[in-house]
Amino acid sequence: MDYQFAAIEQKWQKYWAENQSFKAEANSDKPKYYVLDMFPYPSGAGLHVGHPLGYIASDIFSRYKRLKGYNVLHPMGYDSFGLPAEQYAIQTGQHPAVTTETNINTYRRQLDQIGFSFDWSREVRTSDPAYYKWTQWIFMQLFNSWYNLETDKAEPISTLIAKFNEAGSADVKAAKDEDTRNFLPTDWAAFSEEEKQVELLKYRLTYLKESTVNWCPALGTVLANDEVKDGFSERGGFPVEQKKMMQWSMRITAYADRLLQGLDTIDWPEPMKEMQRNWIGKSVGASVKFKVENSEKQIEVFTTRVDTIFGVSYLVLAPEHEWVAELTTPEQKADIENYIAQTKKKSELDRMADAKTVSGAFTGTYVVNPVSGERVQLWIADYVLAGYGTGAVMGVPSGDQRDWLFATHFNLPIIQILDAQKDINVQADPTKEGKYINSGFINGMEYKEAVAFLNQWLEDQGVGKAKVNFRQRDAIFGRQRYWGEPIPVYFKDGLPYLLKEEELPLLLPEIDKYLPTETGEPPLGRAEGWKYEDRYEYELSTMPGWAGSSWYWYRYMDAQNDSEFASKEAVNYWKDVDLYIGGNEHATGHLLYSRFWNKFLKDLGFVQEEEPFKKLINQGMIQGRSNFVYRVVDEEGRGTNTLVSAGLRKDYKSIALHVDVNIVENDVLDIEKFKAWRDEFANAEFILENGKYVCGVEVEKMSKSKFNVVNPDVLIAQYGADTLRMYEMFLGPLEQSKPWNTNGIEGVFKFLRKFWRLFHNEAWEFTVSDAEPTKAELKALHKIIKKVQDDVERFSFNTSVSSFMIAVNDLTDLKCNKRAVLQDLVVVLAAYAPHICEELWSLLGNKDLSTAQFPIFNPNYLVEDEFAYPISINGKMKMNLNLSLTLEQDEATVAVLANEQVQGFLNGAAPKKIIFVKGKIVNIVV
RNA sequence: GCUGAAGUGGUGGAACUGGUAGACACGCAGGACUUAAAAUCCUGUGCCCUCAACAGGCGUGCGGGUUCGAUUCCCGCCUUCAGUACCA
């Protein structure tokens with residue numbers, strides 16, 4: 001029979017499902033290997049051709065590892081809480097659970113027909129109560145923990161209480177809020193229960209705090225910083241404003257240093273690590289307090305160059321700094337207010353574009369440099385950000401270019417502080433070289449000494465200390481929306497208390513409408529009679545999107561467990577994810593939060609590994625490739641009924657229209673389908689080039705409105721899943737972003753057919769011979785065995801597809817239909833094109849390809865006696881010459897020079913030198 | 001600006017450790033089969049000079065360098081993409 005991909009693929013997909021062929025063993029003597037994909041949010045649009053790219057790669061890797069004798073865990077699930085289903089619910093009244101279920105079914109159908117080897121018995125859905133029970137449970141562990149800076153790990157809150165009982169708060173070194181109280185053990189004992197709870201909340205790893213949040217009135221919800229772009233919501237593009245509210249936060253900053261250090265231990269793409277480093281934004285420096293003249297106030301600044309403190313010639317506050325009004329003198333009041341008004345008007349974008357312009361205003365107030373005793377002016381300027389550090393900086397014009405510009409613009413002094421500083425009247429010189437001058441008691445010191453000395457001095461005097469500052473803030477954990485995990489907390493006397501563990505899961509209540517209440521409370525406020533013990537108000541926020549995805553890889557290890565998030569045995573066996581494949585858009589979201597929760601769970605002894613994802617690969621984005629037709633317009637600019645082919649468009653006045661890429665092949669329009677596509681084009685006329693209508697092309701985001709979405713279903717119907725899988729890999733390196741095009745898919749399909757034909761005679765009857773393979777056949781086989789092995793291990797899937805083509809071309813030329821060769825070839829190709837291979841495997845009389853062994857590479861088959869040496873003269877390749885590979889330099893040189901053709905090229909010139917690299921090249925230098 | 005990645009035929013891309021640049025595929029051109037088309041098969045296909053062949057020259061973003069030999073290493077620049085942005 002000819003290659004009937006549809007029947008073959010259905011048959012084996014059914015077989016795999018019925019036999020649970022890819023179920024990971026809970027216990028095994030085989031080494032474990034955990035291959036994870038970033039699980040999808042099941043959106044209503046279903047999968048497009050870009051989604052499966054990473055899944056195909058991970059599937060090939062998983063199947064390969066199984067053939068190599070590993071016990072592979074390769075699961076899939078759904079990140080099924082999220083905003084789109086809720087938005088849809090608001091519009092239609094349909095419960096998000098229903099929408100989600102429908103979408104999941106579509107996803108599952110689409111995934112199944114690509115033939116993935118997922119272990120579906122371990123499927124998870126973050127919106128399933130059996131799953132979010134454990135998300136809530138982790139929240140409770142966080143609530144019940146604090147971060148001990150002495151042991152550098154999280155500990156149960158009970159150890160903190162013990163410390164308070166014993167020694168009060170003095171010796172406690174903890175990651176905590178800034179407004180903690182100092183108390184003695186006796187004070188602690190005297191605190192009321194409420195006072196104790198208030199104090200403990202300042203130490204818990206998840207805590208309530210009044211914070212400024214990004215409030216989006218249109219969406220009725222709070223957004224994370226990464227969900228806001230330039231003052232508008234990333235989703236929907238609605239305006240976002242700042243609003244103060246009590247919010248649950250996660251004390252991720254406690255882990256900032258470990259999150260940073262851990263990056264050095266994991267095999268991730270460098271750009272990803274770099275993004276996380278920048279996001280965490282560690283800077284080492286000092287905080288210094290400047291006393292305000294004629295006031296009790298002290299302004300704290302953060303600096304990374306405490307050594308330059310004698311060069312301070314002014315201080316700047318952010319315009320939003322809360323003390324600005326208070327510290328402005330009456331004479332300067334108008335100036336300052338005017339400046340603040342101006343800053344407010346500037347949007348974030350303007351402020352960015354304006355980065356070069358110097359602006360600011362003098363408050364009229366002076367502050368005192370605690371080190372030198374000098375009085376300097378206090379200014380405000382919008383180059384200082386309220387949200388970073390303390391919202392105040394010291395200006396050192398000789399050492400910082402921005403400060404230099406500011407000082408020059410406003411005529412403030414520029415003080416040289418190092419003898420090595422050059423040209424400071426032209427620009428700042430941030431050098432750390434040389435010895436300090438004009439710097440009081442650090443004069444004559446060098447950088448390192450000065451920093452250490454100053455830090456100690458500041459601390460001794462109580463006016464500052466060495467400090468590490470992070471850009472990263474604690475993560476806000478509450479969302480004012482419905483479709484998320486309820487937070488397992490109720491309020492008594494205004495204080496939060498946890499539910500009991502056995503009361504989990506706290507189920508999402510039913511509500512009438514998925515909108516905030518009339519009083520502005522979150523949607524959960526609509527749930528009637530939803531009270532803890534019928535009296536206490538539950539927390540009405542739900543968890544953010546990243547909650548459920550911050551630990552899901554552990555649930556796959558033991559997905560059905562009802563008494564633990566995953567059993568100790570399962571966690572001890574699977575440990576961590578060996579290979580994680582997903583997009584780089586999660587660099588500072590999911591991947592950071594997951595590492596945070598993982599470290600926390602490790603601290604409490606629930607998991608084994610400090611880092612959850614050993615190796616990470618980012619698959620590139622598949623962009624859309626839009627096609628255009630060009631409608632000729634008349635004098636008045638009205639569209640006519642005529643369309644002109646792209647190559648001739650310069651001769652006409654025309655407008656470009658998106659055309660559905662599914663009726664275009666190799667950029668040539670299928671005119672009949674086009675006429676049927678839209679009524680308005682039913683009678684269109686075409687100006688053709690070379691008898692064809694050629695469409696224009698542009699690379700854009702894949703989107704419905706651009707008619708450039710390619711649905712895998714269509715391609716599978718036309719070519720089959722095996723072709724789709726191989727074609728997606730053939731497109732280019734996995735990590736590279738590329739526009740989708742179907743131009744080469746025929747070639748891959750032809751390859752599979754050619755492969756199929758190796759096993760069949762002219763009449764398409766299955767025929768293999770049991771004859772001994774020839775040397776050439778074995779060579780072709782072992783070349784591909786080695787190639788695939790090497791390629792898969794370095795995730796170079798595109799090159800192995802090419803090599804498969806070469807192998808099949810070679811074997812076709814050799815007319816090889818020998819079982820001894822083809823049977824191994826089937827196994828080698830199985831990870832890429834599993835359906836056709838499984839069929840051929842069974843036609844060869846075997847059972848269950850998933851239990852086969854990857855063929856062992858034998859280098860002896862590749863050994864050559866001869867090599868066609870490229871002979872180059874002065875590095876230019878001239879000809880090839882067959883020489884025995886046993887020849888060493890001397891004999892080879894003789895043989896080369898004896899050759900007539902070589903002599904012809906030399907044309908009488910005497911070789912100065914002959915380079916001979918065995919098995920590689922001969923280069924004659926003349 | 002900073003950080004990171006990348007720049008190779010008409011196109012996607014290959015060349016893994018400095019050793020034959022353009023594998024494999026698409027497209028295109030020509031041919032076979034066919035009444036014809038599709039499918040299939042065969043041949044050719046980096047550019048320039050040449051009717052063509054032979055031979056030659058050029059060629060991996062640009063300019064230099066190291067080397068017998070550079071897509072690969074070094075220096076300087078340009079462009080594109082991604083992230084980030086007055087971070088004190």
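Below, read A as the first sequence line, B as the second, and so on, with proteins coming before strands; counting in each chain starts at 1.
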(message) So, applying side chain to side chain donor-acceptor pair (under 3.5 Å) with D790(A), which one of K787(A), R794(A), K786(A) is it?
(response) K786(A)

(request) Quickly work out the I745(A) CD1 to U11(B) C1' distance and round it to whole Å. (result) 16 Å

(message) Determine whether a donor-acceptor pair (one donor, one acceptor, N or O, separation below 3.5 Å) exists between the side chain of N923(A) and the base of C68(B).
(response) yes

(message) If you compare every side-chain N and O of Y388(A) against the phosphate oxygens of A88(B) (OP1, OP2), does one of them come in below 4.0 Å?
(response) yes

(request) When you get a sec, tell me which of G57(B), U20(B), A88(B) is the closest nucleotide to the side chain of K878(A)? (result) G57(B)

(request) Please state whether the rings of W379(A) and F410(A) are parallel, tilted or perpendicular, taking 30° and 60° as the class boundaries. (result) tilted

(request) Just call it for E270(A): base, sugar-phosphate, or nothing, with non-hydrogen atoms closer than 4.0 Å on any strand. (result) nothing

(message) I'd like to know whether the aromatic ring centres of Y832(A) and F804(A) sit less than 6.0 Å apart in this structure.
(response) yes

(message) Between Y727(A) and F749(A) (judged by ring centroids, cut-off 6.0 Å), do the two rings come close enough to count as a pair?
(response) no

(request) Cation-pi check, R595(A) to W268(A): give yes when NZ or CZ is under 6.0 Å from the six-membered ring centre and within 45° of the ring axis, no otherwise. (result) yes

(request) Would you mind telling me which residue lines up with the more 5' stretch of RNA chain B, N874(A) or N469(A), judged by nearest nucleotide? (result) N874(A)

(message) Tell me whether the side-chain N/O atoms of N278(A) come closer than 4.0 Å to OP1 or OP2 in C87(B).
(response) no

(request) Go through U20(B), G19(B), U84(B) for me and flag the one nearest to the R471(A) side chain. (result) U84(B)

(request) Begin with the C-alpha distance, continue with both residues' side-chain angles, and end with the deciding distance and a verdict on side-chain contact (heavy atoms from CB on, under 4.5 Å) for Y314(A) and D403(A). (result) CA-CA 9 Å; Y314(A) 63 98; D403(A) 292 351; 3.5 Å; yes

(message) Syn or anti for G9(B), given that syn means the glycosidic angle lies within 90° of 0?
(response) syn

(message) Whole angstroms only, please: what is the CZ-P distance between F751(A) and A25(B)?
(response) 10 Å

(request) Give me the ring orientation class for H760(A) and W764(A): parallel if the planes are under 30° apart, tilted from 30 to 60°, perpendicular past 60°. (result) tilted

(request) Could you give me the stems involving RNA chain B, meaning stretches of three or more consecutive Watson-Crick or G-U wobble pairs whose two defining distances are both below 3.5 Å? (result) B:1-7 with B:78-84, B:10-12 with B:24-26, B:27-32 with B:40-45, B:46-48 with B:56-58, B:61-65 with B:73-77

(message) Nearest to the I806(A) side chain among U20(B), C86(B), C24(B), which nucleotide is it?
(response) C24(B)

All N/O pairs under 3.5 Å across the protein-nucleotides 12-16 of chain B interface:
| unit_1 | atom_1 | unit_2 | atom_2 | d |
| --- | --- | --- | --- | --- |
| G12(B) | O2' | L731(A) | O | 2.7 |
| G13(B) | OP1 | Q736(A) | NE2 | 2.7 |
| G13(B) | O3' | N798(A) | ND2 | 3.4 |
| A14(B) | OP1 | N798(A) | ND2 | 2.8 |
| C16(B) | N4 | K787(A) | NZ | 2.9 |

(message) Between A14(B) and U8(B), how many Å separate the two C1' atoms, rounded to a whole number?
(response) 10 Å

(message) Both D403(A) and V748(A) contact RNA chain B. Which one's nearest nucleotide lies toward the 5' end?
(response) V748(A)

(request) Anything under 30° is parallel, anything over 60° is perpendicular, the rest tilted; go ahead and classify H782(A) against F857(A). (result) tilted

When you compare the protein's N or O atoms with those of nucleotides 37-45 of chain B, which come within less than 3.5 Å of each other, and at what distance?
none

(message) Taking the minimum atom-to-atom distance to the side chain of V925(A), which one of G4(B), A88(B), C68(B) wins?
(response) C68(B)

(request) Quick one: do F797(A) and F730(A) satisfy ring pair (Phe, Tyr, Trp, His ring centres under 6.0 Å)? Show the steps, please. (result) CA-CA 7 Å; F797(A) 301 105; F730(A) 190 52; over 10 Å; no

(message) Tell me whether the side-chain N/O atoms of R277(A) come closer than 4.0 Å to OP1 or OP2 in G4(B).
(response) no

(request) Please state how far atom NZ in K783(A) lies from atom C1' in A23(B), giving the value in whole angstrom units. (result) 11 Å

(message) Atom NZ of residue position K465(A) - does it have more than 12 heavy atoms of other residues, nucleotides or ligands inside 6.0 Å?
(response) no

(request) Pick base, sugar-phosphate or nothing for V917(A), based on heavy-atom distances below 4.0 Å to the nucleic acid. (result) base

